[in-house]
2 protein chains.
Amino acid sequence: MGEDPGEVAAGAARTAAGAAFSALVEAVFRLNGRLVAAGDALAAPAGLTSARWQVLAAVEDAPASVADVARTLGNARQSVQRVADVLAEEGLCAWAPNPAHQRAKLLVLTEAGRDALARVGARQATWANGIGERVGEASLREAAATLRRAIEALGQ
Amino acid sequence: MGEDPGEVAAGAARTAAGAAFSALVEAVFRLNGRLVAAGDALAAPAGLTSARWQVLAAVEDAPASVADVARTLGNARQSVQRVADVLAEEGLCAWAPNPAHQRAKLLVLTEAGRDALARVGARQATWANGIGERVGEASLREAAATLRRAIEALGQ
DNA sequence: CGCAGATCGACAGCATGCTGTCAATGGTAT
DNA sequence: ATACCATTGACAGCATGCTGTCGATCTGCG
């Protein structure tokens, strides 16, 4: 969708700012793809994937229900549910009774889950440090700020 | 994966540049999600989705085989194949014989496909102009350049 | 000319994300 | 208390992307 759609109907001419945004969109798509692949590569040695890593990380500090995790990650409840079920099967997390809600059990990390998270975290830090070094902290901060403004602009 | 993994094993301390990159990763994930949703919304009135739009756009200027389109988009051949089959069924594109390869037929736009593409293109231009205006051309260009440098750094 | 490797479409299977729906549960206003 | 509404987990189904594999088809080297 960020791809240049080529010829454009008259009356919908692209401004310079619009073209700049479209170029950013393309870069975001490409970078996103690379990052997902990199995340999977980082997580694989610990027996995780990007999706499972995110769910585990969401309950690292405190247990939470599936619906809580979904809200935190910005995903659909059902998507998180499936991943959580797999994680529980594999013993990386477990279901704990929720004093505030009988059906909505709490997802808690097991020791194995905490270990896996620590391993992935260490790998991710090393990886992020390397890329950060090569791109430069100042540019990264500016770019992130611009992206956040774009997110905000999209919300309107 | 861009999520802060919380505690990090000793010996893998996060540098300032690493933290800045991780923050950018999170912003990219969030923005990517918003953009995909926005793309679908832009394409829907023309009876398209983001994926179909991209495939159609790839053959707008010249017919191409499924494998060609896949390389252009950076996707797997099989993913493009499925979308192309649907597009052909719906009459937005058609299969033309390929003088250079008997099996690898060429995907060509039909009139209906060209119309749909024009409608989406007009909508996308208006949309991109609006967001571009709000975020600012200079920031957008800088951010895109930084993202491209990150992509390059990831390639190593 | 003929054979080996690369390329291509097709099919099967998997992971991740989404929406829609339902019954169970919890909270709230009357 | 009770009745209504929001939340939650569960299940079904769909879209998109990926890998693996197969036979068919080009390409190029000997």
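The sequence lines fix the lettering, A, B, ..., with proteins before strands; numbering per chain opens at 1.
- Every residue two or more places apart in sequence or in another chain was checked for a salt bridge (Lys or Arg N to Asp or Glu O under 4.0 Å) with B:Arg149, and none qualifies.
- Mapping A:Ala100 and A:Asn75 onto DNA chain C by nearest heavy atom places A:Asn75 at the nucleotide closer to the 5' end.
- Every residue two or more places apart in sequence or in another chain that forms a salt bridge (Lys or Arg N to Asp or Glu O under 4.0 Å) with B:Glu90 is listed here: B:Arg52.
- Reading DNA chain C from its 5' end, the first and the last nucleotide to sit under 4.0 Å from a heavy atom of chain B are C:dC8 to C:dC11.
- Residues satisfying the salt bridge (Lys or Arg N to Asp or Glu O under 4.0 Å) criterion with A:Arg34, sequence neighbours excluded, are absent altogether.
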Q: Could you run through nucleotides 6-11 of chain D and give me one letter per nucleotide, 5' to 3': B if any protein heavy atom sits under 4.0 Å from the base, S if only the sugar-phosphate is that close, - if neither?
A: --BBBB
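- Salt bridge A:Asp85/A:Arg82: absent, no basic N to carboxylate O contact under 4.0 Å.
- Follow the hydrophobic side-chain contacts under 4.5 Å out from A:Leu106 and you never reach A:Leu87; the two are in separate clusters.
- Of all heavy-atom pairs between B:Glu137 and A:Ala20, the closest is CG-CB, 3.9 Å.
- Residues meeting the salt bridge (Lys or Arg N to Asp or Glu O under 4.0 Å) test with B:Arg134, sequence neighbours left out: none.
- Heavy-atom minimum distance, B:Ala27 versus A:Ala144: CB-O, 4.4 Å.
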